Amino acid sequence: MIAFVSGPVAALAPTTAVVEVGGIGMAVQCTPNTLAGLRLGEHARLATSLVVREDSLTLYGFADDDERQVFELLQTASGVGPRLAQAMLGVHSPDALRLAVSTGDEKALTAVPGIGKKGAQKLLLELKDKLGQPLGSSGLVGQQCAVAAGPAPWTEQLAAALVGLGYASREAEEAVAAVTPQAEAALAETGSAPVPQLLRAALQTLNRAR
C-alpha cells in the first residue's frame with residue numbers, strides 16, 4: 001500500500017493532482033477541498049489510499065491521515081465504493097460526517113450526490129458504530145453557523161480550487177458569481193452546497209467565456 005506521496009505538484013485538473021515522486025508523476029484522485037490547497041510547482045504531501053481493481057489501480061489522495069481513515073471506513077458500508085466515499089468527503093469534512101452519523105442526520109447525507117433517502121437511512125445504521133464521535137469542534141453545526149455569520153465556505157473552497165487550477169482570481173470570482181444561484185438553491189433544499197458539482201459548473205462557465 002502507498003501510504004502517502006510527497007513531492008512537487010506537476011499538474012492539476014478538476015479531480016486529479018499529479019505529484020512528482022522520484023521522477024515519476026503519480027496521478028492522485030482528490031476532492032475539490034484537497035485540490036484547493038495545492039499549487040503548481042509547490043511541494044505537497046498527500047495521505048493516500050490505493051484502490052485495486054481487476055482493470056485499474058487508482059490512488060486517492062487526502063489532506064491528512066484522518067480524511068484517509070474516514071474514506072476507508074466509509075467503504076465498509078455496503079454499496080459504498082471509493083467514488084461515493086470521496087464524494088461524501090467532497091461535501092462534508094470527516095468531523096461533519098461523524099456528527100451526521102452520530103446524530104442520525106439524514107439530510108446531511110442526502111446532500112451528497114448519489115445518496116437518496118433510503119440510502120442515507122441505511123448508511124446511518126451501518127456506520128453508526130464505525131466512525132465514532134467528532135474529534136474537534138468543526139462539524140455540521142459549525143458549517144451552518146459559518147453560512148449565517150459570513151461568506152459561505154463553499155465560495156472560498158470553489159475560488160481556491162479554480163485559482164489552484166491556474167485561473168486568475170478575477171476569473172475565479174466571476175465563475176463563483178455565475179454558479180451562486182445553483183449553490184443557493186442547493187443550500188435552500190439540502191442545507192449544503194455540493195462543491196464538486198459547483199466546480200464542474202464553474203469550469204463550464206469559464207470554458208464558454210474563453
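Just so it is clear, the model here is predicted, and its values are computed rather than measured. Note that these values count all heavy atoms, side chains included, but never hydrogens, waters or copies made by symmetry.
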Do the side chains of F71 and E67 get nearer than 4.5 Å, heavy atoms only? no
Starting at CD of Q75, measure out to CE of M88 and round the result to the nearest 0.5 Å. 10.5 Å
Kindly compute the distance separating CG (L124) from CG (L109), expressed to the nearest 0.5 Å. 5.0 Å
S78 side chain reached by E126 side chain, heavy atoms, under 4.5 Å: yes
d(F62 CZ, N33 CG) to nearest 0.5 Å is 12.0 Å
Start with the C-alpha distance between Q29 and V51, add both sets of side-chain angles, then the distance that settles side chain to side chain contact (heavy atoms under 4.5 Å, CB included), and finish with yes or no. CA-CA 11 Å; Q29 299 288 315; V51 176; over 6 Å; no
Linking I/L/V/M/F/W/Y whenever their side-chain heavy atoms sit closer than 4.5 Å, directly or via other members, would V21 and V28 fall into one cluster? yes
Kindly work out whether a path of hydrophobic side-chain contacts (I/L/V/M/F/W/Y, heavy atoms less than 4.5 Å apart) joins I2 to V9. yes
Could you check if a side-chain atom of D66 sits within less than 4.5 angstrom of a side-chain atom of R98, using non-hydrogen atoms only? yes
Search all heavy atoms of P113 against all heavy atoms of V91 and return the closest pair with its distance. CD-CG2, 4.1 Å
Heavy-atom closest contact (L198 atom, A183 atom, distance): CD1-CB, 3.7 Å
Report whether V18 and I24 are members of the same hydrophobic cluster (ILVMFWY, side-chain heavy atoms less than 4.5 Å apart, transitive linking). no
Restricting to non-hydrogen atoms, name the atom on L12 and the atom on A17 that form the minimum distance, rounded to 0.1 Å. CD2-CB, 3.8 Å
To the nearest 0.5 Å, how far apart are CG in L73 and CG in L127? 8.5 Å
Measure the shortest side-chain to side-chain distance between P94 and L89 over non-hydrogen atoms and say whether it is less than 4.5 angstrom. yes
Could you walk me through whether K130 and V101 pass the side chain to side chain contact (heavy atoms under 4.5 Å, CB included) check? CA-CA 9 Å; K130 295 179 179 178; V101 171; over 6 Å; no
Show the nearest heavy-atom pair for residues D65 and A47, with the distance to one decimal. OD1-CB, 3.4 Å
Are the side chains of D105 and L99 in touch, meaning some heavy atoms are under 4.5 Å apart? no
Take atom NZ in K117; do more than 12 heavy atoms of anything else shown fall under 6.0 Å from it? no
S49 and side chain to side chain donor-acceptor pair (under 3.5 Å): which single residue from R68, E72, Q86 fits? E72
Working to the nearest 0.5 Å, report the span between CD1 of I115 and CD of Q121. 12.5 Å
Decide yes or no for H92 and V112: does some side-chain heavy atom of the first lie under 4.5 Å from some side-chain heavy atom of the second? yes
Treating Q182 as the side-chain partner and V179 as the backbone partner, does any N or O pair qualify as donor plus acceptor under 3.5 Å? no
Compare all side-chain heavy atoms of L35 with those of T16 and state whether any distance is below 4.5 angstrom. no
Report yes or no: does R83 contribute a side-chain atom to a donor-acceptor pair with the main-chain N or O of V80 at less than 3.5 Å? no
Identify the two heavy atoms, one from L84 and one from G79, that lie closest to each other, and give their separation to 0.1 Å. CD2-O, 4.0 Å
Going through the distances and angles, do L131 and L74 end up as a side chain to side chain contact (heavy atoms under 4.5 Å, CB included)? CA-CA 8 Å; L131 293 188; L74 290 172; 4.3 Å; yes
Are the side chains of L46 and C30 in touch, meaning some heavy atoms are under 4.5 Å apart? yes
Nearest heavy-atom pair of P82 and R53: which atoms, and what distance? CD-NH2, 3.4 Å
